[in-house]
Amino acid sequence: MWCPSPHPETGFLAVSPPTQLPKGEMTMSSWTLEHRGAIALLTYRRPPDNYLDPESLAELGGLFDSFAENTDRVKLVVITGGSDGYFVNHGDLADHPDWFTVGQDGALHSPGLEAYLDAFHRIEELPQPTIAAIDGLASGGGSELALACTMRVGSPRARLRQSEVPAGIIPGGGGTVRLPRLVGPGIAAEVVLSGRAFTAEEAFRVGWLNAVLPGEGFVDHAIEWAQQFVRHSGAALIAANTSLRDSHRLPFRDALARERDIFLRHVAAGDMAPPPPVARPAG
């Protein structure tokens with residue numbers, strides 16, 4: 001399973017010779033990669049309903065590996081859906097009869113679920129911030145993909161749900177873990193146990209979405225919203241994003257110590273930008 005390793009000097013990055021990212025737009029079987037300045041825009045298209053599948057998740061993992069190795073070029077990643085009415089939908093188990101297997105020990109295994117967990121781990125561990133831009137339905141595994149991102153924005157027609165309990169199963173890609181940490185246990189219980197779709201306004205009100213953006217030209221609005229982050233130093237974004245991510249996983253005092261260590265490494269690496277000029281009163 002992929003995980004970024006610390007740079008021997010800065011503690012943030014350690015990469016072999018960087019993998020060259022393609023210029024312009026690149027289309028794979030389900031993903032389209034486009035560069036908008038320092039933003040990498042990934043669009044998922046698997047018509048008609050944008051169901052997730054392990055092959056597409058493996059492709060996504062490879063793309064995130066390349067982003068982690070190209071922090072000079074990519075400051076932030078935006079993920080969106082390219083099938084009308086959908087962000088990313090849940091996995092279609094009927095599409096994959098080999099989703100579950102029985103091992104020699106007689107225990108049930110799920111290679112398909114492992115593909116989900118691996119891809120979401122790569123998203124969450126990416127040094128750069130990530131934004132899920134949701135225009136339509138994000139359901140089941142699609143909602144869990146969005147939860148693995150640093151932030152989420154939606155159009156007025158965005159709908160977010162964990163659809164598993166009404167189908168007789170439970171979330172398996174982090175829905176019962178990441179969602180309570182984002183919106184609190186009570187709201188998360190309502191989402192998971194009811195299986196109902198939250199509207200964009202509801203999701204914004206409980207903190208599931210960071211913002212609701214205009215529907216007309218939604219992706220462009222999402223890219224514009226992201227500019228408030230990419231105008232800053234890439235090294236500072238990575239350091240702050242790392243500290244924010246790690247703070248959720250550590251006890252309070254350990255999180256403070258981790259933040260201090262990241263701060264000192266960042267300053268020692270010489271990546272700190274000069275402070276902005278301070279306006280002084282006349283006279």
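Here the structure is a predicted model, which means the values were calculated and not measured.
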Heavy-atom closest pair (A197 atom, E202 atom, distance to 0.1 Å) is O-OE1, 4.1 Å
- Which of parallel (below 30°), tilted (30 to 60°) and perpendicular (above 60°) describes Y51 and H90? tilted
Checklist entry - Within a strict 4.5 Å, meaning less than it, do heavy atoms of the V78 and L42 side chains meet? => result no
| W225 vs M151 side-chain heavy atoms within contact, under 4.5 Å | yes
**Basic-acidic side-chain contact under 4.0 Å: D261, R265** = no
To the nearest 0.5 Å, atom CZ of R157 lies from atom OG1 of T199 at 14.5 Å
So, do R196 and E190 sit near enough that their side-chain heavy atoms are less than 4.5 Å apart? yes
- [ ] Indicate, with yes or no, if L147 and L145 share a hydrophobic cluster defined by side-chain heavy-atom contacts under 4.5 Å among Ile, Leu, Val, Met, Phe, Trp and Tyr.
- [x] yes
*Do any N or O atoms from the side chain of R161 and from the backbone of S139 form a donor-acceptor pair under 3.5 angstrom?*
no
Short question: side chain of K75, backbone of V230 - any donor-acceptor pair under 3.5 Å? yes
CG of N89 to OG of S163, rounded to nearest 0.5 Å, is 7.5 Å
Requested in this report: Mind running side-chain contact (heavy atoms from CB on, under 4.5 Å) on R122 and F120 for me, showing each step along the way?
Outcome: CA-CA 5 Å; R122 294 176 191 228; F120 297 165; over 6 Å; no
Problem set entry | Full working for side-chain contact (heavy atoms from CB on, under 4.5 Å) between I223 and I39 | CA-CA 8 Å; I223 296 295; I39 298 172; 3.8 Å; yes
Walk me through whether W208 and S143 qualify under side-chain contact (heavy atoms from CB on, under 4.5 Å).
CA-CA 10 Å; W208 201 347; S143 168; 3.5 Å; yes
### Task
For T130 and T150, test the side chains for any donor-to-acceptor distance below 3.5 angstrom and give the result as yes or no.
yes
* Asked: Is V153 linked to F204 within one hydrophobic cluster, defined over Ile, Leu, Val, Met, Phe, Trp and Tyr using a side-chain heavy-atom separation of less than 4.5 Å?
  -> no
| query | Regarding R231 and the six-membered ring of F229, is the cationic atom NZ or CZ under 6.0 Å from the ring centre and inside 45° of its axis? | reply | no
By salt bridge (Lys or Arg N to Asp or Glu O under 4.0 Å), D220 pairs with (sequence neighbours left out) R36
Tightest non-hydrogen contact, residues L33 and A40, listed as CD1-CB, 4.0 Å
### Message
Please say yes or no: joined through hydrophobic side-chain contacts below 4.5 Å, possibly via intermediate residues, are L41 and V74 part of one cluster?
### Response
no
Distance-only check: which donor-acceptor pairs under 3.5 Å involve side-chain atoms of residues 167-188, not counting sequence neighbours?
from	atom 1	to	atom 2	distance (Å)
R178	NE	E124	OE2	2.9
R178	NH1	G173	O	3.2
R178	NH2	E124	OE1	3.0

Practice task
Check step by step if side-chain contact (heavy atoms from CB on, under 4.5 Å) holds for T71 and Q128.
Solution key: CA-CA 7 Å; T71 55; Q128 302 96 314; 3.6 Å; yes
_Shared hydrophobic cluster, L76 / L60 (ILVMFWY, side-chain heavy atoms < 4.5 Å)_ = no
Q. Does some side-chain heavy atom of R152 sit less than 4.5 Å from a side-chain heavy atom of I131?
A. no
Could you tabulate the donor-acceptor pairs under 3.5 Å formed by side-chain atoms of residues 234-241, not counting sequence neighbours?
from	atom 1	to	atom 2	distance (Å)
N241	ND2	P127	O	3.1

Contacts of Q104 meeting side-chain contact (heavy atoms from CB on, under 4.5 Å) (sequence neighbours excluded), chain-then-number -> none
#### Entry: Salt-bridge criterion met for R249 and E125 (N-O under 4.0 Å)
yes
message = Before you tell me yes or no, could you show the steps for R159 and D135 under salt bridge (Lys or Arg N to Asp or Glu O under 4.0 Å), namely the whole-Å CA-CA distance, both residues' side-chain angles and the distance that decides it to 0.1 Å?
response = CA-CA 8 Å; R159 292 173 295 139; D135 182 23; over 6 Å; no
Inset, instruction - Side-chain contact test, heavy atoms from C-beta onward, threshold under 4.5 Å: evaluate it for V77 versus L63 and give yes or no. - result: no
Out of curiosity, does Y44 fall in the hydrophobic cluster containing L137 (side-chain heavy atoms, cut-off under 4.5 Å, transitive links)? no
Taken to the nearest 0.5 Å, the spacing of D118 CG from L113 CG works out to 11.0 Å
Taken in chain and number order and not counting sequence neighbours, the residues that satisfy side-chain contact (heavy atoms from CB on, under 4.5 Å) with D72 are none
For S155 and G136, the nearest pair of non-hydrogen atoms, with its separation, is OG-N, 4.1 Å
Atom CD of E224 with >12 non-hydrogen neighbours under 6.0 angstrom: no
Here the gap from S247 atom OG to D254 atom CG, rounded to the nearest 0.5 Å, amounts to 12.0 Å
Between the OG atom in S243 and the CG atom in L256, the distance rounded to the nearest 0.5 Å is 9.0 Å
For E59 and S30, the nearest pair of non-hydrogen atoms, with its separation, is OE1-N, 3.8 Å
d(R245 CZ, L126 CG) to nearest 0.5 Å is 8.5 Å
Between T242 and R258 the two heavy atoms that sit nearest each other are CG2-NH2, 3.5 Å
For this session: Just do the side-chain hydrogen bond (donor to acceptor under 3.5 Å, both in side chains) check on S56 and D53 with the steps written out, would you?
Result: CA-CA 6 Å; S56 298; D53 67 295; 2.5 Å; yes
Polar contact flag, side-chain donor to acceptor under 3.5 angstrom, R45-T32: yes
* Asked: Heavy-atom count around Q228 CD within 6.0 Å, excluding the residue itself: above 12?
  -> yes
Across all chains, not counting sequence neighbours, the side-chain hydrogen bond (donor to acceptor under 3.5 Å, both in side chains) partners of E144 are none
Can a side-chain donor-acceptor contact be found between Y86 and D49 if the only test is distance below 3.5 angstrom? yes
Closest heavy-atom pair, T80 versus F87, reported as atoms and distance to 0.1 Å, is CA-CE1, 3.8 Å
